[in-house]
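Okay, so here's the structure we're looking at.
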Amino acid sequence: MEWEVVIGLEIHVQLTTKSKIFSGSSTAFGADANTQASAVDLAMPGTLPVLNEQAVKNAILFGLAINADICRDSVFDRKNYFYPDLPKGYQTTQMDFPIVGPGIVEITLSDGSTRSVRVHHAHLEEDAGKSLHEDYQGMSGIDLNRAGTPLIEIVSEPDMRSAEEAVAYLRKIHSIVTYLGISDGDMSQGSLRCDANVSIRPKGQEEYGTRAELKNINSFRFVERAIKTEVLRQIELIEDGGKVKQETRLYDSDKNETRPMRSKEEANDYRYFPCPDLLPVHVEQSLIDELLAGMPELPDAKRQRFESDFGLSAYDAYLLTGERAVADYFEVAANSAGDAKLAANWVNGELSASLNRDNLSINASPVSAEQLGGLIQRIRDNSISGKIAKQVFDALWNKEGDSADAIIDSKGLKQVSDSGALGAMVDEVLAANPEQVEQFRAADEGKRKKMLGFFVGQIMKASKGQANPGVINKLLNEKLGG
Amino acid sequence: MSLDQNDIAKLARLARINIAETETAELSERIGDILNMVDAMQAVDTANVVAMANPHDAIQRLRADEVTESNHREKFQQIAPQTADGLYLVPQVIE
């Protein structure tokens with residue numbers, strides 16, 4: 001039987017506010033345990049939450065970016081459950097009147113095709129603390145620094161039909177929130193977390209199958225692998241006559257398998273009700289207008305601009321605009337180089353490969369955008385060949401000089417275009433290879449072209465790659481023709 | 001609508017309230033009375049009434065995004081039953 005995969009994602013995004021959503025505690029990452037947990041965060045009796053204005057603005061910005069309706073009077077609710085890292089015994093979240101209503105996210109797949117994924121809604125809520133289960137014989141350690149960190153939870157419709165689409169959607173959300181500057185999007189630190197609802201149904205069937213929820217998948221790569229693994233599990237299960245159970249499963253990246261979480265039968269009875277400690281959040285049109293006016297250029301608009309203004313291919317523009325930091329780097333490099341296509345090749349090629357190799361983000365690149373621009377200028381004016389440029393790039397990467405010019409000077413890498421000096425080199429190579437010269441002169445026009453390559457290669461070797469190929473070709477034709 | 005004793009036991013477990021078996025019959029009756037009142041209220045036509053999130057005719061005041069709290073961990077942890085390395089210790093929550 002042919003199966004269709006149905007995927008919906010719930011993405012939790014930590015917002016980059018200085019303070020928590022309901023208290024004035026710092027949200028800085030990496031502080032000593034519980035040093036950023038105030039009386040409000042600890043749910044001490046008598047404390048009351050006061051909503052952080054910036055968290056509200058960040059949520060609205062996201063809504064505007066996906067063309068969603070902004071709920072003008074949204075309401076906070078209590079989601080009740082007991083867990084030690086949730087001191088109040090409930091999570092303050094939004095249920096019936098979330099701040100961001102239905103919206104649309106456009107995704108691009110690897111074959112260049114695009115699809116729309118509907119966002120059901122996005123709501124504001126607080127993060128829980130962290131539980132540490134090792135090291136405390138029979139006890140769990142609780143760190144409440146993270147408790148109360150503002151989150152938006154972005155809930156998609158079940159619109160994705162493959163793991164690839166799910167990853168493309170997650171990347172797009174990552175791209176939007178980082179472009180907006182409302183989150184650092186760092187999945188390794190839990191700033192962006194993803195749960196996937198996965199089900200399968202016979203192709204052509206309208207009705208959805210029973211879904212399993214995959215929890216807390218913490219990298220783009222694992223999202224794809226976790227979903228693929230779960231889909232295979234469900235297909236095998238059903239084809240063997242079994243039934244998918246609605247349950248929460250954890251993805252184990254070491255074993256590449258999903259397995260059921262310990263079932264907490266009663267835990268799903270959250271008994272939501274409006275939070276009496278918080279009044280409805282009213283959003284004025286003037287605030288929406290103000291946020292719209294200050295909205296940065298978003299990935300789709302930037303991609304179109306890179307194509308039209310810089311003449312880049314759709315693929316290059318797509319690669320360059322996925323991350324705002326990469327797009328910013330490229331723009332500086334392209335303007336400084338004066339050649340956008342070369343700059344795109346270098347950023348997507350050599351730079352991206354070097355960053356991957358050394359596991360660095362572009363913000364930590366040892367070669368600045370201005371330095372790369374300077375290097376490309378020297379390729380453009382024929383001071384160096386593409387091959388030498390790679391050497392110069394590596395030298396810049398290793399901090400052997402402050403600029404391409406300095407490295408070209410100190411290493412003597414400048415391309416030799418002087419026909420006097422190159423003429424001598426050509427003469428030497430011809431004198432050392434009399435047989436090939438004779439064969440060349442005896443050959444017809446068609447073969448000569450191929451044979452010329454041999455001499456060019458010898459001269460490039462003799463010049464350590466610094467000879468200007470155009471000048472060599474010209475000299476060789478003169479000297480061999482005679 | 002009425003609740004049987006199993007419903008009472010489940011609610012008690014969800015709310016982490018310790019209720020003796022001898023109390024459930026009486027509680028079931030009393031909660032049943034409240035639910036009967038709710039049933040009576042269902043008769044009111046609320047088709048055009050917006051659900052009320054809060055009885056006050058007011059909107060949420062917002063706070064500027066500033067760090068105003070400092071570290072009082074030592075003070076807070078004095079009343080915790082058990083701590084280690086700055087963490088609050090609780091009975092293990094996973095097996």
Side-chain angles (χ1 to χ4, degrees), chain A residues 17-20 22-28 31-42 44 50-57 73 75-77 80-85 89 96-97 129 131-133 135-136 138-144 262 266 269 271 274-276 278-282, chain B residues 1 3 5-19 31 34-35 38 41 46 49-95:
Chain A
T17 54
K18 295 197 266 301
S19 64
K20 294 189 176 174
F22 299 123
S23 83
S25 303
S26 170
T27 54
D32 270 357
N34 291 307
T35 55
Q36 291 172 176
S38 69
V40 174
D41 311 320
L42 295 173
M44 289 295 175
V50 188
L51 183 59
N52 185 335
E53 180 179 29
Q54 191 59 45
V56 174
K57 286 183 176 172
D73 290 283
V75 174
F76 279 97
D77 297 281
N80 299 280
Y81 66 93
F82 284 102
Y83 206 75
D85 59 21
D96 292 326
F97 300 98
S131 306
L132 299 135
H133 300 298
D135 303 337
Y136 302 100
M139 306 287 277
S140 290
I142 308 293
D143 177 5
L144 296 169
R262 193 177 67 120
E266 309 115 26
D269 196 346
R271 295 152 292 144
C275 179
L278 288 158
L279 293 160
V281 182
H282 182 70
Chain B
M1 189 189 171
L3 293 178
Q5 303 205 2
N6 286 334
D7 295 327
I8 299 292
K10 187 189 171 199
L11 281 175
R13 195 162 61 243
L14 281 170
R16 302 295 191 272
I17 298 173
N18 193 10
I19 291 172
I31 294 176
I34 296 170
L35 291 176
V38 174
M41 287 161 70
T46 57
V49 181
V50 180
M52 183 177 67
N54 197 289
H56 303 289
D57 186 19
I59 54 167
Q60 181 63 35
R61 194 171 60 87
L62 302 179
R63 176 176 59 80
D65 180 26
E66 282 160 13
V67 175
T68 52
E69 295 283 349
S70 48
N71 174 23
H72 298 292
R73 183 174 78 183
E74 261 178 53
K75 229 177 184 174
F76 289 133
Q77 296 204 333
Q78 275 170 17
I79 54 171
Q82 217 178 330
T83 61
D85 306 334
L87 300 166
Y88 294 91
L89 293 191
V90 299
Q92 188 132 36
V93 282
I94 55 161
E95 63 256 27

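Naming convention: chains lettered A, B, ... in sequence-line order (proteins, then strands); numbering from 1 in each chain. Values in this document were obtained by computation on a predicted structure and should not be read as measured data.
In this structure, CG on B:Asp85 lies 11.0 Å from CG on A:Asn34, to the nearest 0.5 angstrom. Within the model, atoms CD of B:Glu66 and CD of A:Glu53 stand 10.0 Å from one another, a figure rounded to the nearest 0.5 Å. Atom CG of residue A:Asp73 and atom CD1 of residue B:Ile59 lie 8.0 Å apart, to the nearest 0.5 angstrom. The structure places CG of B:Leu87 at 9.0 Å from CG of A:Leu144, a figure rounded to the nearest 0.5 Å. Of the inter-residue distances, the one linking B:Thr83 atom OG1 with A:Met139 atom CE reads 10.0 Å to the nearest 0.5 angstrom.
Looking at heavy atoms from C-beta onward, A:Leu42 lies in side-chain contact with B:Phe76 at the 4.5 angstrom threshold.
A side-chain donor-acceptor contact under 3.5 Å links B:Arg63 to the backbone of A:Ser23. Put simply, the side chain of B:Arg61 never gets that close to the backbone of A:Leu279: no donor and acceptor are under 3.5 Å apart.
Scanning for side chain to side chain contact (heavy atoms under 4.5 Å, CB included) contacts around A:Asp96 gives an empty result, with sequence neighbours left out. Under the side chain to side chain contact (heavy atoms under 4.5 Å, CB included) criterion, B:Glu69 pairs with A:Ser25, A:Ser38, not counting sequence neighbours.
When the candidates A:Leu278, A:Asp143, A:Asp135 are compared by the number of heavy-atom contacts under 4.5 Å with chain B, A:Leu278 comes out ahead. Between chain B and the residues A:Ala39, A:Ser26, A:Gly138, the most heavy-atom pairs under 4.5 angstrom are made by A:Gly138.
Looking at A:Val50, the atoms closer than 4.5 Å to chain B (heavy atoms on both sides) sit in the backbone and in the side chain alike. Looking at A:Pro280, both its backbone and its side chain come within 4.5 Å of chain B, counting heavy atoms on both sides. Residue A:Phe76: no heavy atom, backbone or side chain, is found under 4.5 Å from chain B. Only the side chain of B:Gln77 comes within contact range of chain A, with at least one heavy atom under 4.5 Å from a heavy atom of that chain.
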Next on the checklist: Let's go through A:Val56 and B:Gln60 carefully: what are the C-alpha distance in whole Å and the side-chain angles of both, what is the deciding distance for side-chain contact (heavy atoms from CB on, under 4.5 Å) to 0.1 Å, and is it a yes or a no?
Outcome noted: CA-CA 11 Å; A:Val56 174; B:Gln60 181 63 35; over 6 Å; no
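A salt bridge is defined here as a Lys NZ or Arg NE, NH1 or NH2 lying under 4.0 Å from an Asp or Glu carboxylate O, and A:Lys57 with B:Asp65 fails to meet this definition.
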